[in-house]
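Data block below; observations after.
This one's a predicted model, so the numbers in the text were calculated from it and none came from an experiment. Proteins come first, then strands; the chains are lettered A, B, ... in the order of their sequence lines, and each starts at number 1.
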There are 2 protein chains.
Amino acid sequence: MVNKEIALDTEEKIWKAATKVFERDGYAGARMQVIADEAGINKALLHYYFRSKEKLFGKIFIEKYNKFFSTLAILADQDMEFFEKIDTVIDSYMEMLLENPEMPSMLINTITHHPELIDKLNMEGAQKIRGVLQSEAEKGNIIAVESLQILTSVVGLCIMPFLAKPIAMHIFKLDMEFYQEVLNKRGPFVKKAIRAILKP
Amino acid sequence: MVNKEIALDTEEKIWKAATKVFERDGYAGARMQVIADEAGINKALLHYYFRSKEKLFGKIFIEKYNKFFSTLAILADQDMEFFEKIDTVIDSYMEMLLENPEMPSMLINTITHHPELIDKLNMEGAQKIRGVLQSEAEKGNIIAVESLQILTSVVGLCIMPFLAKPIAMHIFKLDMEFYQEVLNKRGPFVKKAIRAILKP
DNA sequence: CCAAAAATTGACCAATTGGTTAAATTAAAT
DNA sequence: ATTTAATTTAACCAATTGGTCAATTTTTGG
């Protein structure tokens, strides 16, 4: 048998390198040679562990996003008061974004260019949260609008400063500290904003 | 001299074809041969009119996004009551998105991968609107938060359903008519939401 | 220690890529 | 009508790309 530790190590190095390169350059822009260099290994070894560029990308993508969506699912199931639940979701979302600012555009791009991957994502989390929103609206605790309007609002409010970062920093000539402060204050701001929006 | 009409026609065909392909496949994913085919011309003719892939992409990108941002600048200068101005911006933004749903992710991707193009964008529009927000906050007409929080909220609320469309339709198994209805109702929803958020 | 299995590599390949060029066609000018 | 300039094309090119393979090194199990 093979040395599992070393094998795992190499696989891990590839995983990290590929993640970095795919996130930075996108699928079409990524180069297998660049990934190999980044991992400090031979290009042929990439194909030895993961058969093709597509398979490598697909595996990384699915693992990363399923991890995120399963976190959402757990949150939605927790026994909490409604706004507490919303707050927890927002916190979790913001935390994830602070660590992976590229996730939203990555997700959108991938769904657009590799629609076959959608089916491999386990989206219970989003569905459960939508269910919660619908039942709250029926109870009259929040405004009566299609739950998608609310869902996209929460996500949009959380995501936008991350998406807009490079553009906003340039347009308004901001420095990193200033923008980081905006990002840090975003969570509390979104929580207040959502409360204001949802008030019946 | 050359026949200007025919020349313009060819250039226009290239322009349209390239716009379509770049929007669909992204810069890295786009192929000059595909653009040539789409335009119904020889690939060498692409390089005759636009010297390189980069130049072709840059010109199209700058023209399209400057047109949008200059619209914003005009709106910001109009003599209107504050919320009327906000509403007009939202309307203009939604209208643009309905016709060009790919613009947000295109903008973000381009800024990330071709940062040198930012400098060629004329962003007065955004700056003026930020100024308006700041002065309204000082007057106490709206909540006192960093104007970027508001700006990103307006944009995020408008954009999100367009960005999320392919994913949302799949997760929740929605049909096109249903989703179109959500998009059509988005403008009024965002206007109400922003009013609720901004109330001091 | 040794043979089998697994991991790793360098050299290579066919296909694709953006881009060029010289020749052919078409339009303009005199 | 003929020269000149602009447009268009087919063929070509060098570089890059994802991917393969035979050979070598390392690890493992007996």
Spacing of [X] atom [atom1] relative to [N] atom [atom2], expressed in whole Å:
X: A:Glu54; N: D:dG18; atom1: CD; atom2: C1'; value: 11 Å
X: A:Leu46; N: D:dC21; atom1: CG; atom2: C1'; value: 16 Å
X: B:Ile41; N: D:dA10; atom1: CD1; atom2: P; value: 12 Å

Hey, which sits more toward the 5' end of DNA chain D by its nearest nucleotide, A:Tyr27 or B:Leu45?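 Checking each residue's closest nucleotide, the 5'-ward one belongs to B:Leu45.
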Taking OP1 and OP2 of [N], is either one under 4.0 Å from a side-chain nitrogen or oxygen of [X]?
X: B:Thr10; N: D:dT7; result: no
X: A:Asn42; N: C:dG10; result: yes
X: B:Tyr48; N: D:dA6; result: no
X: A:His47; N: D:dG19; result: yes

Is any side-chain N of the basic residue among A:Lys191 and A:Asp91 closer than 4.0 Å to the acidic one's carboxylate O?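 Counted as a salt bridge, because a side-chain N and a carboxylate O are separated by less than 4.0 Å.
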Between A:Glu102 and A:Lys64, is there a side-chain N and carboxylate O pair less than 4.0 Å apart?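 Result for this pair is yes, salt bridge flagged.
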Regarding A:Lys59 and the six-membered ring of A:Phe50, is the cationic atom NZ or CZ under 6.0 Å from the ring centre and inside 45° of its axis?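 Judged by the rule, A:Lys59 and A:Phe50 form no cation-pi pair.
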Side chains of residues 35-43 of chain B: which donor-acceptor partners sit under 3.5 Å, not counting sequence neighbours?
unit_1	atom_1	unit_2	atom_2	d
B:Asp37	OD1	B:Gln33	NE2	3.0
B:Glu38	OE2	B:Lys20	NZ	2.9
B:Asn42	OD1	B:Ala44	N	2.7

Got more than 12 heavy atoms from elsewhere within 6.0 Å of CZ, B:Arg24?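 More than 12 within 6.0 Å, yes.
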Closest to the B:Tyr49 side chain: C:dG19, D:dT20, D:dT7?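 Shortest atom-to-atom distance from the side chain points to D:dT7.
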Between the protein and nucleotides 13-17 of chain C, list every N/O to N/O distance that falls short of 3.5 Å.
unit_1	atom_1	unit_2	atom_2	d
C:dT17	OP1	B:Arg31	NE	2.6

Non-neighbouring partners of B:Lys185 that pass salt bridge (Lys or Arg N to Asp or Glu O under 4.0 Å), sequence neighbours left out: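 In terms of salt bridge (Lys or Arg N to Asp or Glu O under 4.0 Å), with neighbours along the sequence ignored, B:Lys185 is linked to B:Glu181.
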